[in-house]
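Hydrogens, waters and symmetry mates are skipped; everything else that's a heavy atom, side chains included, is used. Numbering starts at 1 and runs along the sequence shown.
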Amino acid sequence: MLSIAIPTYRRPQYLAEALESVAREAANAGVAVEVVVQDNASGDSTEAVATGFPGLSVSYACNEDNLGPSENIVRACERCTGDYIFLLGDDDLLEPGSLARVNKLNNAEPKPGTISGPVTHFVDEANSPTGVVSFQNVSGSDQVFEPGGPSVEHIFLRATMLSGLIFRRDLLDAEGARKHADSLYPQIYLAGVAGKQAGVAYTDAPIVSVRDNPFAEWSYSGDYMARGVFRILDDLTEGAEWGPGVKKRITKRRVRSTYNALYTSRQSSFGAYAKTVRGLWSVRQYRRSPYFWAMTAAFGILGVRGIGMLRRVVRMRASNRVG
């Protein structure tokens with residue numbers, strides 16, 4: 001049996017859409033599905049939506065107080081009884097055919113510790129795809145990564161997005177995840193630990209569609225949770241022969257991905273930008289990166305418009321060289 005774990009907080013309308021997508025895909029795939037909804041003290045119609053949904057076996061529980069997103073995720077996982085735990089955000093949807101694809105990998109031998117795949121994005125207002133695919137698999141087929149370094153390296157950045165992470169329940173390390181509650185990303189640890197022990201399978205096609213929702217029950221710290229995420233990386237690689245190489249490559253990729261945080265804060269205001277730079281500067285991995293300082297200087301001097309013009313010039317020159 002597959003458990004769908006949905007941590008939720010004050011999104012009953014979105015939750016109903018998520019449950020509808022689960023019911024549809026379970027019926028299409030002909031698989032047994034347990035749905036676990038963990039309510040972080042919403043105090044609204046969430047319980048009625050979860051317990052009254054037709055065609056699904058939903059196990060609902062509500063925290064007496066809001067315990068924060070990390071603890072709510074871990075509690076949802078602890079209540080699951082299926083062989084695999086499939087994490088799904090309360091405002092996201094299963095892609096058509098997703099459970100059939102996942103079920104095929106669930107039954108593979110040896111059984112992978114973690115299963116995941118690309119995600120599509122859609123906007124709430126039009127309820128339509130944006131055309132963006134994150135974490136794309138360009139191999140043309142399902143991929144399998146060996147336990148240890150290859151799996152940790154592959155899944156680490158993908159695991160920053162909750163929906164579409166699936167891992168074996170017998171490899172759930174809830175207490176280990178709780179040590180990293182300050183990161184806001186316990187799923188990185190959970191998916192990383194399971195993949196480290198038993199490997200990762202990655203689907204060719206997307207398995208979830210993520211709503212580009214500007215509203216959240218949490219907010220990033222000044223360093224965009226970077227310090228907490230690097231602590232998870234330290235934990236996953238500690239004592240492993242492959243650890244130093246994996247840490248170096250993941251750190252480089254994470255620092256480069258800071259472009260989006262710098263862009264967003266600079267677009268907001270120079271004050272917000274300065275706060276982001278100060279927060280990231282406090283993290284050793286960023287402070288030591290020439291790339292980070294080059295990005296910081298470029299955004300500070302040129303601003304968002306200047307960066308946009310510079311990128312267009314670079315793309316035009318690259319296009320001319322190819323032509």
Side-chain angles (χ1 to χ4, degrees), residues 2-26 33-82 85-95 98 119 121-127 159-167 169 172 174-175 177-178 180-191 207-221 224-225 228:
L2 180 68
S3 294
I4 310 289
I6 307 178
T8 188
Y9 180 69
R10 292 185 178 176
R11 289 173 176 168
Q13 180 180 352
Y14 290 161
L15 177 62
E17 295 177 24
L19 292 173
E20 183 178 353
S21 75
V22 173
R24 179 196 68 227
E25 292 309 307
V33 172
E34 168 197 54
V35 180
V36 173
V37 175
Q38 188 72 30
D39 186 352
N40 209 3
S42 294
D44 55 13
S45 61
T46 296
E47 180 176 5
V49 168
T51 58
F53 197 89
L56 279 180
S57 172
V58 178
S59 173
Y60 171 85
C62 184
N63 304 324
E64 292 185 5
D65 301 299
N66 189 311
L67 304 176
S70 294
E71 177 62 19
N72 203 45
I73 291 170
V74 175
R75 288 196 176 195
C77 293
E78 287 181 315
R79 292 179 47 237
C80 292
T81 63
I85 300 170
F86 188 132
L87 289 170
L88 181 66
D90 60 356
D91 58 343
D92 300 332
L93 309 173
L94 294 186
E95 276 278 316
S98 58
V119 304
H121 293 258
F122 69 99
V123 292
D124 184 42
E125 292 79 7
N127 194 30
T160 56
M161 190 172 289
L162 177 78
S163 289
L165 288 173
I166 306 121
F167 48 88
R169 184 171 59 87
L172 173 67
E175 293 311 310
R178 286 189 169 99
H180 299 289
D182 64 332
S183 72
L184 282 184
Y185 296 119
Q187 66 270 18
I188 298 180
Y189 180 81
L190 294 171
I207 55 176
V208 291
S209 189
V210 173
R211 190 186 306 262
D212 289 336
N213 184 0
F215 302 105
E217 63 164 303
W218 43 264
S219 60
Y220 290 117
S221 62
Y224 276 73
M225 320 314 297

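In this structure, CG in Leu15 is found 15.0 Å from CZ in Arg10, a value given to the nearest 0.5 Å. Between Ser42 atom OG and Glu47 atom CD the span is 10.5 Å, to the nearest 0.5 Å. One finds the CD1 atom of Ile4 at 13.5 Å from the OG atom of Ser59 (value rounded to the nearest 0.5 Å). One finds the CG atom of Leu93 at 7.5 Å from the CG atom of Leu88 (value rounded to the nearest 0.5 Å). Taking CG from Leu190 and CG from Leu87, the interatomic distance works out to 7.5 Å, rounded to the nearest 0.5 Å.
Across Ala18 and Gly89, no two heavy atoms sit closer than the pair CB-O, 4.4 Å. Here the closest non-hydrogen pair linking Tyr60 and Asp39 is OH-OD2, 2.6 Å. The nearest pair of heavy atoms linking Tyr185 to Ser70 is N-OG, 4.3 Å. Here the closest non-hydrogen pair linking Gln187 and Ala159 is CG-O, 3.0 Å. A pairwise comparison of heavy atoms in Pro186 and Val74 identifies CB-CG2, 4.2 Å as the closest pair.
Residues satisfying the side-chain hydrogen bond (donor to acceptor under 3.5 Å, both in side chains) criterion with Thr51, sequence neighbours excluded, are absent altogether. Every side-chain hydrogen bond (donor to acceptor under 3.5 Å, both in side chains) that Gln38 has, sequence neighbours left out, goes to Asn63, Arg79.
Side-chain contact between Phe167 and Leu172 is present, with at least one heavy-atom pair separated by less than 4.5 Å. Looking at heavy atoms from C-beta onward, Cys80 lies out of side-chain contact with Phe86 at the 4.5 angstrom threshold. Here the side chains of Ile207 and Val119 are not in contact, with every heavy-atom distance at 4.5 Å or above. Side-chain contact between Tyr9 and Asp44 is absent, with no heavy atoms from C-beta onward closer than 4.5 Å. A heavy-atom distance below 4.5 Å is found between the side chains of Ile6 and Leu19.
Using a distance-only test at 3.5 Å, with no hydrogens or angles considered, no donor-acceptor pair links the side chain of Asn40 to the main chain of Pro7. At least one donor-acceptor pair closer than 3.5 Å links the side chain of Ser21 to the backbone N or O of Leu94. Checking side-chain atoms of Arg11 against main-chain N and O of Asp91 turns up no donor-acceptor pair under 3.5 Å. Under the 3.5 Å distance criterion, the side-chain polar atoms of Ser3 are left unmatched by any main-chain donor or acceptor of Ala5. Put simply, the side chain of Asp92 gets close to the backbone of Arg211: a donor and an acceptor are under 3.5 Å apart.
For the salt bridge (Lys or Arg N to Asp or Glu O under 4.0 Å) condition, the pairs that include at least one residue of residues 56-74, sequence neighbours left out, are Glu71-Arg75, Glu71-Arg178.
With hydrogens and angles left out, the side-chain atoms of Ser57 and Glu34 include no donor and acceptor closer than 3.5 Å.
The neighbour count for Glu78 CD, taken as heavy atoms of other residues, nucleotides or ligands under 6.0 Å away, is above 12.
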